[in-house]
Amino acid sequence: MPELPEVETIRRGITPHVVGKKITDVIIRDRRLRRPIPKGLEKKLIGRKLRDLERRAKYLIFYFDRGALILHLGMTGSLRILTRDIPPGKHDHVDFVFGKKTRLRFRDPRRFGCILWTEDNPQQHELLRNLGPEPLGKELTGDYLFVKSRKRTQAIKAFLMDSRIISGVGNIYANEALFTAGIHPGKKAGRITRAQCTKLVAGIKDVLKRAIAKGGTTLRDYVNSEGEPGYFRLELKVYDRKGLPCYRCGTLIKSQRHGQRSSFYCPRCQR
DNA sequence: AGTGCGGCCTGTCCGC
DNA sequence: TGCGGACAGGCCGCAC
């Protein structure tokens, strides 16, 4: 569910509630996530102070005075700040308790998320080590994308969503960025011109920044750490708009699948 | 090496 | 109203 703007919104929402505070309790009700929650995690966390909360791609990294928690929300994960102890629902798998008044609750119906612990540099963790550059960072440029995409036969959309190339670009925003750049999602990555790469990178950065500013996109169940939806859905140009007129030219938006993911595009504006 | 697919899960929606 | 099937925002790991 949550893509980069949603994860970033959650990070910003949670930070003032938990950074600088000490974990007083950890309640794990179900350890069965995409990878099982490590045994004894409770013991490692209790008594530790949270120093910082960072995002890398769609991972959240909780830096403690020693060790770090790596958390991914998968498709349906959410993190909520509770100011009192509300009875947990069916899929509320973990509570991180920061004293009497603050509780961070992890919910994940589909259990595609993961929660890991490392005492080494988390950026070097096997799941993070091979991630490509952050899309909003300086490293991602049109030239970078151009060089990386040469000789690639993959559809450009699948290529954009490959986390080793660029980290953190999911299905919604890949579709939106391709519309902005006027590129058909099925076009082979190796055939994108340098100028198109520049436009595409600008499109990726722009759509992600605007989505963060609106608190992310809520399609069905995404909510931020305060339980509120994001409003970027109202600004989506193609995603989930199959059969509706393109805002730019009026042609009906089409949908087709690329690598098991739905693509949405305007057949006239995107070539 | 690059590519494409299956699978992990539950919930929801649609058509019959 | 019930039921099967398709689909969903992610991503790992495998086989070719």
Side-chain angles (χ1 to χ4, degrees), chain A residues 1-10 29-37 55-60 70-79 89-94 106-116 125-132 135 147-178 185-191 204 207-208 211-212 214-224 229-236 238-243 255-264:
Chain A
M1 107 177 8
E3 294 200 30
L4 186 150
E6 293 76 38
V7 176
E8 178 61 19
T9 300
I10 289 170
R29 302 182 190 86
D30 193 341
R31 311 191 90 89
R32 297 171 305 155
L33 299 183
R34 184 168 170 56
R35 294 168 176 237
I37 298 177
R55 179 188 57 72
R56 170 75 174 108
K58 295 172 198 162
Y59 290 91
L60 288 170
I70 300 172
L71 189 150
H72 197 290
L73 296 167
M75 293 264 260
T76 52
S78 66
L79 281 171
K90 188 177 173 189
H91 302 296
D92 290 337
H93 306 313
V94 184
F106 173 76
R107 169 183 296 186
D108 188 3
R110 272 172 90 179
R111 290 194 274 117
F112 281 6
C114 66
I115 297 178
L116 305 163
H125 188 278
E126 52 169 294
L127 291 181
L128 307 196
R129 198 171 27 204
N130 297 317
L131 291 173
V147 170
K148 281 280 183 188
S149 59
R150 292 313 86 191
K151 309 236 168 109
R152 296 297 200 104
T153 57
Q154 249 182 332
I156 183 65
K157 194 176 71 108
F159 181 74
L160 288 184
M161 291 177 66
D162 182 337
S163 64
R164 291 162 300 185
I165 306 298
I166 310 174
S167 59
V169 177
N171 202 25
I172 296 178
Y173 301 107
N175 277 297
E176 293 297 307
L178 285 163
K187 185 159 178 143
K188 290 196 189 316
R191 309 207 43 198
I204 291 168
V207 73
L208 292 176
I212 291 170
K214 295 281 174 177
T217 301
T218 296
L219 292 173
R220 37 184 74 80
D221 50 12
Y222 165 75
V223 286
N224 68 15
Y231 296 98
F232 194 67
R233 182 175 199 173
L234 303 169
E235 299 190 26
L236 296 178
V238 287
Y239 188 83
D240 211 19
R241 294 197 66 245
K242 181 184 182 179
S255 164
Q256 69 185 56
R257 291 177 81 75
H258 293 112
Q260 289 131 288
R261 311 303 298 276
S262 294
S263 296
F264 299 87

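We name chains A, B, ... by the order of the sequence lines, and we start the count at 1 in each one.
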Whole angstrom value for the distance that separates [atom2] of [N] from [atom1] of [X]:
X	N	atom1	atom2	answer
Arg241(A)	dG9(C)	CZ	C1'	18 Å
Asn175(A)	dG9(C)	CG	C1'	11 Å
Phe159(A)	dT3(B)	CZ	P	8 Å
Leu127(A)	dG10(C)	CG	C1'	12 Å
Leu4(A)	dG10(C)	CG	P	11 Å
Lys148(A)	dG2(B)	NZ	P	8 Å
Lys157(A)	dG9(C)	NZ	C1'	11 Å
Arg261(A)	dC7(C)	CZ	C1'	11 Å

Original post:
Which part of the nucleic acid does Tyr59(A) contact within heavy-atom distance under 4.0 Å: base, sugar-phosphate only, or nothing?
Top reply: sugar-phosphate
Less than 4.0 angstrom between a side-chain N/O of [X] and OP1 or OP2 of [N], yes or no?
X	N	answer
His91(A)	dT10(B)	no
Ser262(A)	dA8(C)	yes
Arg35(A)	dC12(C)	no
Lys90(A)	dG11(B)	yes
Tyr173(A)	dG9(C)	no
Lys58(A)	dC11(C)	yes

Original post:
Is a donor on one side and an acceptor on the other found under 3.5 Å between the side chain of Arg241(A) and the backbone of Leu236(A)?
Top reply: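 No; zero donor-acceptor contacts below 3.5 Å.
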Subject >> Thr217(A) backbone acceptor or donor facing Glu6(A) side chain under 3.5 Å >> reply: yes
Subject >> Listed once per pair and sorted, the salt bridge (Lys or Arg N to Asp or Glu O under 4.0 Å) pairs that draw on residues 150-163 of chain A, sequence neighbours left out >> reply: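 Listed once each, the pairs are Asp162(A)-Arg164(A).
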Name the pairs: protein N/O against N/O of nucleotides 4-8 of chain B, kept only if under 3.5 Å.
{"unit_1": "dG6(B)", "atom_1": "N7", "unit_2": "Gln260(A)", "atom_2": "NE2", "d": "3.2"}
{"unit_1": "dG7(B)", "atom_1": "N2", "unit_2": "Arg34(A)", "atom_2": "NH2", "d": "3.4"}
{"unit_1": "dC8(B)", "atom_1": "O2", "unit_2": "Arg34(A)", "atom_2": "NH1", "d": "3.0"}

For [N] and [M], measure between their [atom1] atoms and round to the nearest Å.
N	M	atom1	answer
dG7(B)	dG5(C)	P	16 Å
dG6(B)	dA6(C)	P	13 Å
dC5(B)	dC7(C)	P	14 Å

**OP:** Classify the angle between the aromatic ring planes of Phe106(A) and His93(A) as parallel (below 30°), tilted (30 to 60°) or perpendicular (above 60°).
**Re:**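 Tilted, since the angle between the ring planes falls between 30° and 60°.
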Original post:
Taking the inter-plane angle between the rings of Tyr173(A) and Phe232(A) on a 0 to 90° scale, is it parallel (under 30°), tilted (30 to 60°) or perpendicular (over 60°)?
Top reply: tilted
Original post:
Which residue lies toward the 5' end of DNA chain B, Lys151(A) or Arg111(A), if each is placed at its nearest nucleotide?
Top reply: Lys151(A)
From [atom1] ([X]) to [atom2] ([Y]), nearest 0.5 Å:
X	Y	atom1	atom2	value
Phe264(A)	Lys242(A)	CZ	NZ	7.5 Å
Asp30(A)	Arg111(A)	CG	CZ	5.0 Å
Cys114(A)	Ile70(A)	SG	CD1	8.0 Å

Original post:
Is it true that atom CZ of Arg29(A) has more than 12 heavy atoms of other residues, nucleotides or ligands lying nearer than 6.0 Å?
Top reply: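 Enclosed: over 12 neighbouring heavy atoms sit under 6.0 Å from CZ of Arg29(A).
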Subject >> Intermediate values then yes/no, side-chain contact (heavy atoms from CB on, under 4.5 Å), Arg233(A) and Leu219(A) >> reply: CA-CA 7 Å; Arg233(A) 182 175 199 173; Leu219(A) 292 173; 3.9 Å; yes
Original post:
Pairing of DNA chain B as dot-bracket, 5' to 3': ( ) intra-strand, [ ] crossing, | other strand, . unpaired, with Watson-Crick or G-U pairs under 3.5 Å?
Top reply: .|||||||.|||||||
Original post:
Can you find a pair of side-chain heavy atoms, one from Leu4(A) and one from Arg55(A), that are under 4.5 Å apart?
Top reply: yes
Original post:
Which nucleotide in the list dG11(B), dT3(B), dG10(C) gets nearest to the side chain of His72(A)?
Top reply: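 Taking heavy atoms from C-beta onward, the closest nucleotide is dG10(C).
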Original post:
Is there a donor and acceptor pair closer than 3.5 Å between the side chain of Arg220(A) and the base of dG9(C)?
Top reply: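 Check passes, donor-acceptor contact within cut-off.
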